[in-house]
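Positions are given from 1, in the same order as the sequence printed here.
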Amino acid sequence: MAHRDDDNLMSKLRQMSEEGITGFFNEIMSNDKMRSSFGRAGEHFMANKRSFDRNVEQVLDFVNIPSKRDVRDLKARLDHLSSQLLNLSIKLDRALDHDEPTKAKPTVRRAKKPG
């Protein structure tokens, strides 16, 4: 029974928090000043994130550790080289298959039996 009471309490808290968040965002969207302030805060947050990401990338470069972008670029280059190698292999196989029928196979001459 205590478990059921805990579930009910958690459910009520979750519902209250959802209603609180909904009310908060409804209030922000209805007030122009609050909406613009909230928008500016979001823009500042994204600018700070870009700056942070750039700084982390510089630190990783400084200590010679590849960043996600470096790994992604390297993977793209490897994929491109792999496809070129596959194409070259296919062309080589075709060229070898094409040259085989035109080459005369050596014939083996047998000596005649004396007689």
In terms of heavy-atom contacts, does CZ of Arg69 have more than 12 from other residues, nucleotides or ligands at under 6.0 Å?
no
Are Ile21 and Phe38 connected in the hydrophobic side-chain network, where two residues link if heavy atoms are under 4.5 Å apart?
yes
Taking atom CG of Asn48 and atom CG of Asn55, what is their separation to the nearest 0.5 Å?
10.5 Å
Do we see a donor-acceptor contact under 3.5 Å between the side chains of Ser67 and Asp70?
yes
Taking side chain to side chain contact (heavy atoms under 4.5 Å, CB included) as the criterion, tell me which of Arg40, Arg35, Met34 meets it with Ser37.
Arg40
Look up atom CG in Leu85 and atom CD1 in Ile90, then write down how far apart they are to the nearest 0.5 Å.
10.0 Å
Looking at Leu78, is its backbone amide N or carbonyl O close enough to the side chain of Ser82 to form a donor-acceptor pair, meaning the two atoms are under 3.5 Å apart?
no
Any ion pair linking Asp79 and Lys75 (charged N to carboxylate O, less than 4.0 Å)?
yes
Starting from Leu60, can I reach Val71 by hopping between I/L/V/M/F/W/Y residues whose side chains sit under 4.5 Å apart?
no
Between CG of Asp97 and CZ of Arg94, what distance do you get to the nearest 0.5 Å?
10.0 Å
Do Phe52 and Val63 belong together in a cluster built from hydrophobic side chains that touch within less than 4.5 Å?
yes
Supply the atom-to-atom distance Arg54 CZ to Gln58 CD, rounded to the nearest 0.5 angstrom.
7.5 Å
Would you say Asn26's side chain and Thr22's backbone share a donor-acceptor pair under 3.5 angstrom?
yes
Asp53 and Arg50 ion-paired at < 4.0 Å:
no
Nearest-0.5 Å distance, CG of residue Leu88 to CG of residue Leu81
11.5 Å
